[in-house]
Amino acid sequence: MPPAKKLQWIELSQKAMHKNIRSLSSLAPNKLLAACVKANAYGHGITETVKILLENNNVNYLTVHSMREAIKCRRAGWRKQIMLLGPVELCDSDAVLEFDIEPVVFNTKFLENIGKRADKFNRTVRTHLKLETGTNRQGITEKDIAKFAAVYKKYKSLGKPYGASTHFANIEDTTNHEYAEYQLEQFHKLLQVMTAHKIKPTIRHTASSAATILFGKTHFEMVRPGISLYGYWPSKETYLSHKLSGGENNLFEPVLTWKSRITQIKKVESDSFISYGCTYQTTSKSKIGIIPVGYYDGYDRALSNKAYLLINGKRAPIRGRVCMNLMMADITDIPKVKLENEVTLLGCEKNEHITANRIAEWADTINYEILARLSGEIYREIVP
């Protein structure tokens with residue numbers, strides 16, 4: 001528990017994360033496991049998450065989006081492989097070598113540059129070629145492979161791609177997985193083209209959380225789970241598909257709890273307005289708790305007058321608009337509420353639960369966004 005002066009904090013459960021990793025390892029036995037810690041570890045805190053992962057021998061790789069994230073992982077003590085999924089600026093080529101990063105490649109200019117720099121310093125560098133199979137984000141098409149093959153052959157330091165990857169566009173938003181099957185067929189086709197150009201990869205990896213859970217044939221040599229690592233199903237459709245195939249129910253447990261404190265208790269008369277825009281008016285005398293959390297911290301303004309918090313194990317509805325740094329909750333019918341009383345914004349209290357899924361429903365978005373938008377400035381601590 002943080003000291004009382006902490007008015008807002010996040011707790012990360014080691015026990016829950018290790019359980020989630022065990023579940024993922026059992027779903028993809030004997031495969032390399034790459035834990036995705038991009039987007040500040042899905043809002044959990046990249047440094048704190050890496051500290052937990054250092055204790056787990058089942059995790060072989062970390063995946064990140066940026067060089068900045070990769071360096072944070074190294075400085076947090078991670079010595080195993082790091083795969084950089086996003087773009088790398090040409091000026092960061094030396095950092096790839098210095099911090100021993102494995103970039104995912106999708107343009108020849110960067111590949112040329114990293115090859116030149118690695119050759120100059122007599123270094124070898126592992127790269128992963130991103131293949132475009134139908135998501136149409138980062139990735140190369142069949143006609144591009146010959147150009148990449150020429151670059152690989154040109155630089156001694158490159159050799160050939162260590163890995164080849166792709167990303168599914170529609171594997172978690174539906175129970176109809178025809179498009180995922182199509183993408184998998186395209187991936188196999190592009191692998192054959194790579195082999196024909198003598199740049200056959202050592203490992204292949206395509207499996208996000210949903211693919212790891214649902215499709216063993218996508219596992220290849222490595223899986224790259226993200227949201228499930230943190231205790232959440234990628235979607236209701238993924239959960240339903242898993243259950244319909246006879247899968248277990250209790251695979252994942254949320255890692256994160258978000259808390260704050262009541263910093264003022266106000267007695268408000270009937271017919272009083274609460275917060276900006278006068279969007280809520282009391283119908284009787286009320287007690288309102290002021291909580292120092294707002295949309296700056298990642299608590300969506302769309303939750304105004306919709307969501308509730310947990311105080312002493314009871315639901316406290318949010319009244320009025322969520323502000324930049326503050327929100328107000330109705331505590332009229334909750335007994336024994338005191339100044340600096342703990343408030344749970346996301347997590348469990350007694351028999352009540354507020355999950356990222358529930359908040360996402362209120363805000364008309366997905367659990368990924370709720371977690372990823374949590375401010376990096378919030379105090380975080382690891383709990384057993």
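Numbering of residues begins at 1 and proceeds along the displayed sequence.
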Show the numbers, then the answer: is there a side-chain hydrogen bond (donor to acceptor under 3.5 Å, both in side chains) between Thr344 and Glu349? CA-CA 7 Å; Thr344 299; Glu349 269 195 31; 2.7 Å; yes

Point-to-point distance, once rounded to the nearest 0.5 Å, from CD1 of Ile82 to OG1 of Thr63: 10.0 Å

Keeping Asn107 on the side-chain end and Phe110 on the backbone end, is there a donor-acceptor pair under 3.5 Å? yes

Cationic N near anionic O, under 4.0 Å, Lys38 to Glu69: no

Do Thr355 and Asn367 touch side chain to side chain, with heavy atoms closer than 4.5 Å? no

Geometric class of the Tyr162/His128 ring pair [parallel <30°, tilted 30-60°, perpendicular >60°]: perpendicular

Short N-O contact, Arg380 and Glu48, less than 4.0 angstrom: no

Nearest heavy-atom approach of Cys278 to Phe273 is CB-CD2, 3.5 Å

I'd like to know if Lys217 pairs up with Glu181 as an ion pair, taking the criterion as any Lys NZ or Arg NE/NH1/NH2 lying under 4.0 Å from an Asp or Glu carboxylate oxygen. yes

Any luck finding a side-chain donor-acceptor pair between Thr127 and Tyr152 under 3.5 Å? yes

Is the backbone of Ile290 close enough, under 3.5 Å, to the side chain of Thr263 for a donor and an acceptor to pair up by distance? yes

Phe252-Val383 co-clustered via ILVMFWY side chain contacts under 4.5 Å: no

Using distance alone, with no hydrogens and no angle criterion, decide if Thr108 and Glu112 have a side-chain donor and acceptor under 3.5 Å apart. no

Evaluate Leu345 against Ile354 for side-chain contact (heavy atoms from CB on, under 4.5 Å), listing each step before the verdict. CA-CA 7 Å; Leu345 297 92; Ile354 301 176; over 6 Å; no

What pair of heavy atoms forms the shortest contact from Ala146 to His197, and how long is it? CB-NE2, 3.5 Å

Taking atom types as modelled, is there a side-chain donor on Thr238 or Ser235 under 3.5 Å from an acceptor on the other? yes

Would you say Gln281 and Ser272 are linked by a side-chain donor-acceptor pair, where the criterion is simply a distance under 3.5 Å? no

Walk me through whether Asn250 and Lys19 qualify under side-chain hydrogen bond (donor to acceptor under 3.5 Å, both in side chains). CA-CA 10 Å; Asn250 189 32; Lys19 172 186 175 176; 3.1 Å; yes

Working note: Lys116 + Asp119, criterion salt bridge (Lys or Arg N to Asp or Glu O under 4.0 Å); need CA distance, chi angles, decisive distance, verdict. CA-CA 5 Å; Lys116 287 178 184 177; Asp119 274 7; over 6 Å; no

Would a distance-only check, ignoring hydrogens and angles, find a side-chain to backbone donor-acceptor pair under 3.5 Å from Glu221 to Arg204? yes

Would you say the ring centers of Phe220 and His188 fall short of 6.0 Å from each other? yes

For residues Tyr295 and Ile10: do they belong to one hydrophobic cluster (side chain heavy atoms under 4.5 Å, members Ile, Leu, Val, Met, Phe, Trp, Tyr)? no

Taking the six-membered ring where the residue is Trp, are the ring centres of His177 and Phe215 under 6.0 Å apart? yes

Check: Ser23/Asn20 side-chain N/O donor and acceptor closer than 3.5 Å: no

Check the side chains of Thr133 and Thr166 for a donor-acceptor pair under 3.5 angstrom, ignoring hydrogens and angles. yes

Here the pair of heavy atoms bringing Ile291 nearest to Ser260 is CG2-OG, 3.5 Å

Quick one, Thr257 and Leu346 - any side-chain contact, counting heavy atoms below 4.5 Å? no

Go through the steps to decide whether Asn249 and Tyr239 satisfy the test side-chain hydrogen bond (donor to acceptor under 3.5 Å, both in side chains), and finish with yes or no. CA-CA 8 Å; Asn249 184 46; Tyr239 175 75; 2.4 Å; yes

Test: Arg74 and Glu98 ion pair at under 4.0 Å: no

Closest heavy-atom contact between Ser241 and Leu214? CB-CD2, 3.7 Å

Under 3.5 Å: donor-acceptor pair, side chain of Arg224, backbone of Met222: no

Keeping the roles fixed (side chain from Tyr155, backbone from Asn113), state whether a donor-acceptor pair exists under 3.5 Å. no

Name all pairs fulfilling the salt bridge (charged side-chain N to carboxylate O under 4.0 Å, His left out) condition that reach into residues 291-317, sequence neighbours left out, sorted by first residue then second. Asp300-Arg373, Arg315-Glu352

Would Thr174 and Asn176 count as having a side-chain donor-acceptor pair, cut-off 3.5 Å? no

Heavy-atom side-chain proximity of Tyr232 to Pro254 below 4.5 angstrom: yes

Can you hop from Met83 to Ile71 via hydrophobic side chains spaced under 4.5 Å? yes

Is Ser375 reaching over with its side chain to a backbone N or O of Glu377, donor-acceptor style, under 3.5 angstrom? yes

Is Val125 close to Leu158 at the side-chain level, that is, under 4.5 Å between some pair of heavy atoms? yes

Are Pro225 and Leu33 close enough that some pair of their side-chain heavy atoms sits under 4.5 Å apart? yes

Test Glu361 against Lys236 for salt bridge (Lys or Arg N to Asp or Glu O under 4.0 Å), laying out the working first. CA-CA 12 Å; Glu361 289 174 0; Lys236 291 179 181 178; 3.2 Å; yes

Rounded at 0.5 Å granularity, tell me how far CG in Asn325 sits from CD in Gln8. 9.5 Å

What closest approach, in Å, do Leu190 and Ile145 show between heavy atoms, and which atom pair accounts for it? O-CD1, 3.9 Å

Has Asp173 got a side-chain atom pairing as donor or acceptor with Asn170's backbone, closer than 3.5 angstrom? no

Any side-chain to backbone donor/acceptor pair from Arg123 onto Leu97? Under 3.5 Å, distance only. yes

Taking the six-membered ring for Trp and the single ring otherwise, decide whether the centroids of Phe106 and Phe148 are under 6.0 Å apart. no

Aromatic centroids of Trp362 and Tyr308 separated by under 6.0 Å: yes

From CA spacing to verdict: salt bridge (Lys or Arg N to Asp or Glu O under 4.0 Å), Glu340, Arg261: CA-CA 5 Å; Glu340 294 200 350; Arg261 297 184 188 278; 5.1 Å; no

Report yes or no: does Lys285 contribute a side-chain atom to a donor-acceptor pair with the main-chain N or O of Ser270 at less than 3.5 Å? no

Verify side-chain contact (heavy atoms from CB on, under 4.5 Å) between Leu84 and Ser66, making sure each step is shown before the conclusion. CA-CA 6 Å; Leu84 202 163; Ser66 68; 5.6 Å; no

Are any of the side-chain heavy atoms of Ser165 and Leu131 separated by less than 4.5 Å? no

Taking the side chain as every heavy atom from C-beta outward, state whether His167 and Lys130 have any atom pair closer than 4.5 Å. yes

Assess, by modelled atom type and distance only, whether the side chains of Asp271 and Thr282 contain a donor and an acceptor separated by less than 3.5 Å. no

If you take the centroid of each ring, where Trp contributes its six-membered ring, are His205 and His219 closer together than 6.0 Å? no

Main-chain N/O of Ala41 paired with His44 side-chain donor or acceptor, under 3.5 Å: yes

Within the 4.5 Å heavy-atom criterion, are Ile311 and Ile331 side-chain neighbours or not? yes

Show the nearest heavy-atom pair for residues Gly298 and Trp258, with the distance to one decimal. C-CH2, 4.0 Å

